[in-house]
Amino acid sequence: MSLDLREYEDQAWAIYHEEKQEISASEEIRRIETLSLITQDCTSILDLGCGNGEIINRIISKDKMTCGLDISLEALKCVNTIKVLGRINSLPFKDQCFDLVICCEVLEHLPFDVYAEALKEIERIAAKYIIITVPNHEAIKHNLLTCPYCGCKFHQSRHVRSFTLLTLKNSFHYFHIQKFKFCRPIIKTYPMFVMKGAKRLRIIGHGFPHLAICPQCGYFSVQQHTVDANINSMRSKVVHFLSHVLTVKKRQKGWIMALYHHN
Ligand SMILES: [Zn+2]
């Protein structure tokens with residue numbers, strides 16, 4: 001039996017809140033960069049897939065109507081403005097209901113049919129602007145984990161699709177990109193044969209990362225670190241060295257963010 005997306009998100013947020021996790025420095029930079037894309041002429045703002053309100057809680061002001069929608073009730077507990085429990089592919093809002101619709105770090109998680117419906121819904125309820133942020137050109141196959149309990153292979157953050165700037169340019173019919181930027185952290189990507197070799201030699205791919213949850217059986221590790229930090233560091237140095245010698249790694253910024261304007 002696999003976990004429904006809502007069950008999965010509730011479980012992930014419960015672990016996150018229980019352990020009082022804090023966002024990393026690079027996540028904080030992404031939040032600030034995202035907020036900097038918001039224009040002054042937006043008086044109604046919806047954050048779709050708002051999670052625990054990291055973005056929408058920072059936009060709340062007297063002269064703006066703000067709303068956060070998420071699939072997880074557990075996440076919404078931390079949202080300090082109007083909150084709606086819902087699914088992105090069936091939004092309970094009228095056409096062009098919000099000046100701005102923000103959808104950050106959500107699209108990469110959506111299954112095929114939900115993804116297509118979600119894009120249509122975003123376009124339907126946005127009156128002036130849309131902000132989208134997604135991982136940049138992510139090598140999904142490189143980041144798969146294997147569940148030690150049921151053997152299921154899955155992405156640690158449950159990403160199921162990869163994006164480029166071109167993907168974003170072609171996402172909407174009635175909106176075009178007005179502004180875009182690439183954001184840190186810098187990600188190094190290695191070709192598949194380097195990754196496979198490193199995994200086979202057990203240089204990488206050890207243990208089950210903390211906070212990862214198997215989407216099939218719900219398994220997660222309660223230990224903070226399954227591999228000694230020094231060993232991890234040594235392993236990554238070996239991969240780095242080999243890739244340097246082979247000159248095969250690609251460096252790129254990890255995230256793309258785009259501000260769309262209505263045509
Ligand atoms: Zn499993």
Side-chain angles (χ1 to χ4, degrees), residues 5 24-39 47-51 54-55 88-89 100-124 126 128-145 153-196 198-199 204 215 239-240 243-244 246-263:
L5 188 57
S24 65
S26 62
E27 285 171 324
E28 177 63 14
I29 291 169
R30 288 211 300 278
R31 304 288 175 267
I32 293 168
E33 293 281 0
T34 304
L35 292 168
S36 74
L37 287 173
I38 299 175
T39 55
D47 187 357
L48 267 181
C50 63
E54 278 292 344
I55 299 277
I88 193 169
N89 55 331
L100 166 66
V101 175
I102 302 173
C103 188
C104 294
E105 309 182 15
V106 172
L107 296 182
E108 66 273 20
H109 297 266
L110 302 179
F112 184 76
D113 49 341
V114 176
Y115 176 73
E117 291 169 353
L119 292 182
K120 283 185 189 164
E121 281 292 80
I122 292 170
E123 224 172 1
R124 180 180 68 77
K128 292 182 187 169
Y129 301 99
I130 298 169
I131 290 176
I132 301 287
T133 72
V134 284
N136 178 28
H137 219 139
E138 185 181 17
I140 301 274
K141 281 186 186 169
H142 289 186
N143 297 320
L144 296 184
L145 301 173
K153 287 193 187 308
F154 66 100
H155 187 282
Q156 177 174 352
S157 304
R158 221 177 175 184
H159 294 177
V160 295
R161 70 181 63 240
S162 184
F163 291 83
T164 62
L165 184 57
L166 188 62
T167 323
L168 291 190
K169 279 182 177 166
N170 294 326
S171 292
F172 298 109
H173 294 292
Y174 306 110
F175 285 79
H176 63 273
I177 293 183
Q178 182 177 335
K179 193 174 175 183
F180 67 87
K181 46 179 139 175
F182 292 94
C183 186
R184 288 185 289 174
I186 302 287
I187 305 286
K188 293 173 202 147
T189 338
Y190 307 105
M192 205 59 193
F193 78 91
V194 172
M195 298 301 286
K196 277 189 176 167
K199 275 187 183 170
I204 58 164
V239 172
H240 183 78
S243 302
H244 187 71
L246 294 166
T247 58
V248 288
K249 69 171 181 278
K250 256 188 351 190
R251 288 168 67 89
Q252 64 191 28
K253 289 198 174 175
W255 293 83
I256 321 175
M257 22 195 73
L259 169 70
Y260 296 82
H261 190 263
H262 203 290
N263 293 341

*Would you call Ser171 and Tyr115 a side-chain contact if the rule is heavy atoms closer than 4.5 Å?*
yes
*Listed partners of His109 passing ring pair (Phe, Tyr, Trp, His ring centres under 6.0 Å), at least two apart*: His159
*asked:* Is the distance between the ring centroids of Phe172 and Tyr260 under 6.0 Å?
replied: yes
*Does the side chain of Ile102 reach to within under 4.5 Å of the side chain of Ile55, using non-hydrogen atoms?*
yes
*Heavy-atom pair of closest approach, residues Pro215 and Phe154*: CD-CG, 3.3 Å
*Any side-chain heavy-atom pair from Phe180 and Leu165 closer than 4.5 angstrom?*
yes
*Side-chain donor/acceptor of Asn89 to backbone N/O of Asp113, under 3.5 Å*: no
*Using modelled atom types only, decide if a donor and an acceptor are shared between the side chain of Glu121 and the backbone of Ala118 within a distance under 3.5 Å.*
no
*Do Leu119 and Leu107 have side chains that get closer than 4.5 Å, going by heavy atoms?*
yes
*Look at the side chain of His176 and the backbone N and O of His261, then say whether any donor-acceptor pair between them is shorter than 3.5 Å.*
yes
_Considering all heavy atoms, the nearest His262-Ala126 contact_ = CD2-O, 4.4 Å
*Is there a side-chain contact between Thr34 and Ser36, using heavy atoms and a 4.5 Å cut-off?*
no
*With side chains defined as the heavy atoms from C-beta onward, is the minimum distance between Cys103 and Ile88 less than 4.5 Å?*
yes
*Does one side chain, of His155 or Glu108, offer a donor that lies under 3.5 Å from an acceptor on the other?*
no
*Kindly give the heavy-atom pair with the smallest separation between Ile256 and Leu168, and that separation in Å.*
CG2-CD1, 3.9 Å
*asked:* Once rounded to the nearest 0.5 Å, what's the spacing between atom CD1 of Ile122 and atom CG of Leu48?
replied: 5.5 Å
*Do any N or O atoms from the side chain of Glu138 and from the backbone of Arg161 form a donor-acceptor pair under 3.5 angstrom?*
no
*Could you grab the distance from atom CZ of Phe175 to atom NZ of Lys128, nearest 0.5 Å is fine?*
11.5 Å
_Under the criterion side-chain contact (heavy atoms from CB on, under 4.5 Å), I'd like the reasoning laid out for Trp255 against Glu33: C-alpha separation, chi angles, the key distance, then a yes or no._
CA-CA 11 Å; Trp255 293 83; Glu33 293 281 0; over 6 Å; no
_Just so I know, are the side chains of Thr39 and Leu259 near enough to count as touching, which here means a heavy-atom distance under 4.5 Å?_
yes
*Enter the distance from Ile177:CD1 to Met257:CE here, rounded to the nearest 0.5 Å.*
12.5 Å
*Drop me the distance from Gln178's CD to Ile130's CD1, to the nearest 0.5 angstrom.*
12.0 Å
_Would you say Thr164 and Lys169 are linked by a side-chain donor-acceptor pair, where the criterion is simply a distance under 3.5 Å?_
no
*Taking the side chain as every heavy atom from C-beta outward, state whether Thr133 and Arg30 have any pair of such atoms under 4.5 Å apart.*
no
*Could you check Arg158 against Leu5 for side-chain contact (heavy atoms from CB on, under 4.5 Å), going step by step and ending with a plain yes or no?*
CA-CA 10 Å; Arg158 221 177 175 184; Leu5 188 57; 3.6 Å; yes
